[in-house]
Engineer: 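Take this structure, written in structure tokens, and hold onto it; I'll ask about it next.
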Amino acid sequence: MAAKIAYDDVEVGTELPAQSFPVTRATLVQYAGASGDFNPIHWNERFAKEVGLPDVIAHGMFTMAEAIRVVTDWAGDPGAVVEYGVRFTKPVVVPNDDQGATIEVSAKVAAKLDDQTVRVDLLAKSAGQKVLGMSRAVVRLA
């Protein structure tokens with residue numbers, strides 16, 4: 001596969017379609033099994049609170065992976081992402097209810113670079129708070 005978006009068709013400021021990603025306790029258990037990260041802060045409410053967290057929190061790498069989906073869906077090819085990095089600023093707190101939490105992600109093209117690449121800046125929030133900082137991806141376009 002290759003990126004479906006043409007470099008020449010993109011301008012600085014181009015907004016990618018925003019997306020929201022639900023996160024429940026079941027999601028965290030599934031991710032723990034797939035990743036092998038069974039840290040109790042991600043599934044044991046009592047333990048999470050004992051170590052000073054407000055409740056169970058989503059895995060940082062899970063949050064990071066959900067956020068980049070906005071970029072890969074837009075580009076049309078996950079392999080088009082050549083660089084991606086974030087700073088974890090706030091945890092995604094996942095209550096033990098029927099709704100869980102939501103990660104809301106928006107993104108825009110911040111710079112056109114060399115070699116058919118663009119830098120995309122992402123904004124990821126949960127419960128009104130920014131959960132990823134300096135969230136940036138470099139994407140090779142068609």
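Residue indices begin at 1 and follow the sequence shown. Small disclaimer: the values here were computed from a predicted structure and weren't measured.
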Engineer: Mind checking the CZ-CD spacing from R140 to Q116? Nearest 0.5 Å is all I need.
Structural biologist: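 Taking CZ in R140 and CD in Q116, the distance rounds to 9.0 Å.
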Engineer: So which atom in V131 and which in P91 form the shortest heavy-atom distance, rounded to 0.1 Å?
Structural biologist: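 Nearest pair, atom of V131 first, then P91: CG1-O, 4.0 Å.
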Engineer: Under 3.5 Å, is there a donor-acceptor pair between the side chain of S135 and the main chain of L132?
Structural biologist: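 Pair absent, no side-chain N/O of S135 close to backbone of L132.
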Engineer: Hey, could you give me the CG/CZ distance between L28 and F38, rounded to the nearest 0.5 Å?
Structural biologist: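 These two atoms lie 12.0 Å from each other.
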Engineer: Decide whether V51 and W43 are clustered together by the hydrophobic rule: side chain heavy atoms of Ile, Leu, Val, Met, Phe, Trp, Tyr closer than 4.5 Å, transitively.
Structural biologist: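 No.
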Engineer: Please name the pair of heavy atoms, one in A80 and one in A75, separated by the smallest distance, quoted to 0.1 Å.
Structural biologist: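 So the two residues come closest at CB-CB, 4.2 Å.
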Engineer: Hydrophobic clustering (ILVMFWY, side-chain heavy atoms < 4.5 Å, transitive) - are V109 and V86 grouped together?
Structural biologist: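 Yes, because V86 and V109 connect within a single hydrophobic cluster, where side-chain heavy atoms sit under 4.5 Å apart.
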Engineer: Quick one: OG1 on T72 to OH on Y84, what's the gap to the nearest 0.5 Å?
Structural biologist: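 With rounding to 0.5 Å, OG1 (T72) is 9.5 Å from OH (Y84).
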Engineer: For residues F62 and D37, determine if any side-chain heavy atom of one lies less than 4.5 Å from a side-chain heavy atom of the other.
Structural biologist: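 F62 vs D37: side chains apart.
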Engineer: Examine M64 and V56 and state if one hydrophobic cluster contains both, with Ile, Leu, Val, Met, Phe, Trp and Tyr joined whenever side-chain heavy atoms are less than 4.5 Å apart.
Structural biologist: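 They do share one cluster, since a chain of ILVMFWY contacts under 4.5 Å joins M64 to V56.
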Engineer: Rounded to the nearest 0.5 Å, what's the gap from NZ on K4 to CG on L141? Could you check?
Structural biologist: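 K4 atom NZ to L141 atom CG measures 13.5 Å (nearest 0.5 Å).
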Engineer: Please report the interatomic distance OG1(T102) to CZ(F21), rounded to the nearest 0.5 Å.
Structural biologist: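 Going from OG1 on T102 over to CZ on F21, the span is 11.0 Å.
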Engineer: Would you say the side chain of I103 lies within less than 4.5 Å of the side chain of K125, judging by non-hydrogen atoms?
Structural biologist: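 K125 does not reach I103 side chain to side chain.
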Engineer: So V105 and E66, do their side chains get closer than 4.5 Å, heavy atoms only?
Structural biologist: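 No, their side chains stay 4.5 Å or more apart.
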Engineer: Under a 4.5 Å cut-off applied to non-hydrogen side-chain atoms, are K112 and V12 in contact?
Structural biologist: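 A side-chain contact under 4.5 Å exists here.
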Engineer: What heavy-atom pair brings Q99 and T24 nearest, and what distance separates the two atoms?
Structural biologist: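 Closest approach of Q99 to T24, heavy atoms only: O-CG2, 4.3 Å.
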Engineer: Could you tell me whether the side chain of D55 reaches within less than 4.5 Å of the side chain of V94, counting heavy atoms only?
Structural biologist: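 No, their side chains stay 4.5 Å or more apart.
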Engineer: With a 4.5 Å heavy-atom cut-off, do V71 and V139 have their side chains touching?
Structural biologist: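 Touching, per the 4.5 Å side-chain cut-off.
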Engineer: Applying the 4.5 Å side-chain criterion to the ILVMFWY set and letting contacts propagate, would Y7 and L16 be lumped into a single cluster?
Structural biologist: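 Hydrophobic grouping puts Y7 with L16.
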Engineer: Between E45 and N96, do the side chains contain a donor N or O and an acceptor N or O under 3.5 Å apart?
Structural biologist: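 The criterion, which ignores hydrogens and geometry beyond distance, is not satisfied for E45 and N96.
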Engineer: Looking only at heavy atoms, what is the nearest atom pair of P22 and T27, with distance?
Structural biologist: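 Residues P22 and T27, closest heavy atoms: O-OG1, 4.5 Å.
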Engineer: Which heavy atom in A101 sits nearest to a heavy atom in P95, and how many Å separate them?
Structural biologist: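 Scanning both residues, the minimum pair turns out to be N-CD, 4.3 Å.
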Engineer: Compare all side-chain heavy atoms of M61 with those of Y31 and state whether any distance is below 4.5 angstrom.
Structural biologist: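 Heavy-atom side-chain distance check passes, below 4.5 Å.
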Engineer: Is V120 close to V70 at the side-chain level, that is, under 4.5 Å between some pair of heavy atoms?
Structural biologist: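 SC-SC contact between V70 and V120 ruled out.
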Engineer: Measure the CH2-NZ distance between W74 and K108 for me, rounded to the nearest 0.5 Å.
Structural biologist: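 Output value for this atom pair is 13.5 Å.
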Engineer: For L113, which fellow cluster members are found when Ile, Leu, Val, Met, Phe, Trp and Tyr are connected by side-chain heavy-atom distances below 4.5 angstrom, either directly or through intermediates?
Structural biologist: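 For the cluster that includes L113, the remaining residues are V82, V138.
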Engineer: Parallel, tilted or perpendicular: which one describes the rings of H59 and H42, with boundaries at 30° and 60°?
Structural biologist: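 Rings of H59 and H42: parallel, as their planes differ by under 30°.
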Engineer: Cluster question for you: counting only ILVMFWY and a side-chain heavy-atom cut-off of under 4.5 Å, with indirect links fine, are V92 and V29 together?
Structural biologist: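 Not linked; separate clusters.
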